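Because the structure is predicted, anything quoted here is derived from the model rather than measured.
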Amino acid sequence: MSTIRLLPEALISQIAAGEVVERPASVVKELLENSLDAGATDIGVALAEGGIKQIRVVDNGAGIASDDLAMAFARHATSKIASLDDLEQVRSLGFRGEALASIASVARVKLASRAAGAARASAIGAEGGSIGTAEPAAQPEGTAVEVNDLYYNTPARRKFLKSETTEFGHCEEVFTRTVLSRPDVAFTLRHNGRVAARIAPGDPAKRVEAALGEEFARSMRPVAADGGVLKLSGFVGSPAYTRATRDAQYVYVNGRFVRDKLLAHALREAYRDVLHGERHPAYVLFLEIDPRGVDVNVHPAKIEIRFRDPRAVHQFVFHAVAKSLSASAAEAPAAIATPAVEGHSITPQFRQAGLGLAQPVAKYAAMFAERPPGAALAPAPAKDGAAGAPLGYALAQLHGIYLLAQNSEGLVLVDMHAAHERILYEKLKSALDSRAMNTQKLLIPATFHADRVDVATAEEHGSTLNLLGFDVAAISPFALAVRAVPAMLAEADASVLARALLRDIREYGASRVLTERRDELLGNIACHGAVRAHRALTIPEMNALLREMEETERSGQCNHGRPTWFQMSLADLDKLFMRGR
């Protein structure tokens with residue numbers, strides 16, 4: 001007797017529904033995609049009890065002809081593809097022909113539609129996989145789908161649903177994803193009869209602000225890259241705008257929201273140089289690619305994809321976002337937003353010698369007179385002068401740690417150690433990449449005690465040390481002498497720099513130090529070489545630092561992702577002193 005049997009059609013549909021309809025949010029996603037594929041420009045979503053009791057989606061799209069209503073509930077029936085060639089270049093959001101059939105197998109569904117140009121509308125019902133008969137109905141052009149009592153016939157699945165608040169939260173997230181994907185479409189979301197969101201059509205920037213809030217909108221930087229077969233557009237949050245979770249990360253491929261490890265890795269790498277601690281960046285990005293270059297038929301939920309040339313996509317996205325994030329202060333005034341991030345506690349000093357700032361100091365020295373240590377304020381620069389420099393011109397030093405400057409917007413506060421650390425780091429990277437690390441011979445070599453392993457490391461990896469701008473030689477079995485350092489670090493403690501470098505080479509090997517560990521190594525060297533201690537600066541020295549910041553990529557953050565400067569507008573200052581009240 002055979003133990004293999006065909007499953008009933010209703011059970012087959014319910015099994016399929018398990019992959020497509022995970023929770024109410026899954027239903028909202030599928031129905032919204034159908035509305036957009038139908039060309040809708042106005043879509044309304046109404047939920048009851050988090051979508052568990054009812055989900056209703058109404059659109060003004062192309063509608064469905066009366067004769068096709070019953071077919072809309074049939075499994076694997078769709079108007080969006082007809083051949084393998086179509087499947088290999090899918091341009092629509094839906095294409096599998098499973099959504100309505102799966103939903104109808106685990107809920108009570110009503111579908112009313114009026115096709116464009118049709119004299120009247122029709123409606124049909126489906127419940128537990130059983131499809132009714134189309135009947136005349138009152139419905140404007142477009143489609144209305146009502147889903148009631150989700151999982152009413154599969155109580156075991158219904159028990160896995162969470163509270164009404166939680167399920168609504170998931171539905172709202174799907175709504176937000178869809179809203180971000182189509183700024184040209186109007187959307188409305190209601191829950192339990194109350195309007196939760198009403199979003200009018202607008203340009204992409206306004207749509208992002210409407211969906212994610214003013215704080216993100218103030219910090220975001222535009223991304224626009226065209227590689228011919230690949231295009232990337234959208235917005236990335238400045239490194240100062242970070243989140244504790246990944247809840248504000250939206251990536252779309254050909255208009256479809258996706259979660260892709262390759263793209264996520266490319267974006268993490270783009271932020272690696274500027275992100276603080278365990279924080280997460282925020283972004284809304286749209287990748288356009290030839291549909292033949294991406295496989296969207298990986299999972300029934302259609303949220304996972306595969307690229308035919310993953311390396312090319314990774315590099316394109318990485319470089320496009322990194323370029324946007326690397327804008328200097330002069331190029332990215334949007335970075336002037338004041339983020340809620342921890343301050344920097346290291347006390348710096350700023351020395352002219354050895355920092356590559358001689359030219360800026362000479363250039364701006366004539367503009368400001370030097371002041372003695374502890375003097376009050378320098379004369380305020382003319383407004384025209386401040387307008388020509390994004391970070392303005394120096395006014396004073398605060399506790400030997402912060403620099404105060406005036407620009408056309410108001411007051412600029414700079415953490416001098418953090419700012420100088422970023423300047424050194426970028427210079428070191430550029431010099432190493434171009435194999436043009438200028439060295440400075442020390443008049444008196446810096447000597448320090450070393451164990452035999454350090455001595456052996458210095459002797460064995462002399463070429464690596466030279467490449468990094470260091471000349472370190474053994475003067476005894478237990479002592480090393482630093483005879484030269486990178487010119488830009490001439491004022492730093494040479495023995496401290498050499499010890500840190502040798503420690504990394506010992507632990508990771510010379511090849512890793514120059515490849516995967518390169519940025520971390522240079523960041524540590526820059527941190528050791530950046531200005532410290534309490535030393536009063538002259539006005540020209542302060543202005544030289546400001547000009548270097550304006551010309552340096554990623555100057556808004558130090559190597560650890562902390563901010564280097566904040567802007568306080570005149571309006572902010574007026575509020576502090578309650579002016580105008």
Does a side-chain N-to-carboxylate-O contact under 4.0 Å join [X] and [Y]?
X	Y	value
Arg259	Glu304	no
Glu127	Arg108	yes
Asp433	Arg518	yes

TODO: Describe, in one word, how the ring planes of Phe168 and His191 are oriented to each other, choosing from parallel (under 30°), tilted (30 to 60°) and perpendicular (over 60°).
DONE: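 Ring orientation, 0 to 90° scale: parallel.
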Task: Plane angle bin for Phe286 and Tyr252 - parallel if under 30°, tilted between 30 and 60°, otherwise perpendicular - done: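 Parallel, since the angle between the ring planes stays under 30°.
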Open item on the list: Tell me if the centroids of the rings in Tyr241 and Phe216 come within less than 6.0 Å of each other.
Closed with: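 Under 6.0 Å, so yes.
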State the [atom1]-[atom2] distance between [X] and [Y], to the nearest 0.5 angstrom.
X	Y	atom1	atom2	answer
Glu167	His170	CD	NE2	6.0 Å
Leu47	Asn192	CG	CG	8.5 Å
Glu553	Ser430	CD	OG	9.0 Å
Phe235	Leu180	CZ	CG	10.5 Å

Task: Polar side-chain atom of Arg207 near backbone of Arg182 as donor-acceptor pair, under 3.5 Å - done: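 Indeed, once roles are kept as given, a pair shorter than 3.5 Å links the two residues.
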TODO: Output yes when a side-chain donor or acceptor of Ser324 lies under 3.5 Å from a complementary backbone atom of Val321, and no otherwise.
DONE: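 Such a contact is absent between Ser324 side chain and Val321 backbone.
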TODO: Inspect the surroundings of NZ in Lys429 and state if more than 12 heavy atoms from other residues, nucleotides or ligands are less than 6.0 Å away.
DONE: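 Yes, because the 6.0 Å sphere around NZ of Lys429 holds more than 12 heavy atoms from other groups.
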TODO: Start with the C-alpha gap between Ile103 and Ile55, add the side-chain angles, then the distance that decides, and say whether side-chain contact (heavy atoms from CB on, under 4.5 Å) holds.
DONE: CA-CA 11 Å; Ile103 295 167; Ile55 299 167; over 6 Å; no
Task: Side chains of Ser555 and Glu550 in contact at under 4.5 Å (non-hydrogen atoms) - done: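 Side chain of Ser555 against side chain of Glu550, heavy atoms only: no contact under 4.5 Å found.
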Looking just at side-chain N and O atoms, do [X] and [Y] make a donor-acceptor pair shorter than 3.5 Å?
X	Y	answer
Ser163	Thr166	yes
Asn60	Thr41	yes
Gln54	Asp149	no

TODO: Only pairs at least two apart or in different chains count here, so list each salt bridge (Lys or Arg N to Asp or Glu O under 4.0 Å) that has a residue in residues 238-249.
DONE: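 Output for this query lists Arg243-Asp247.
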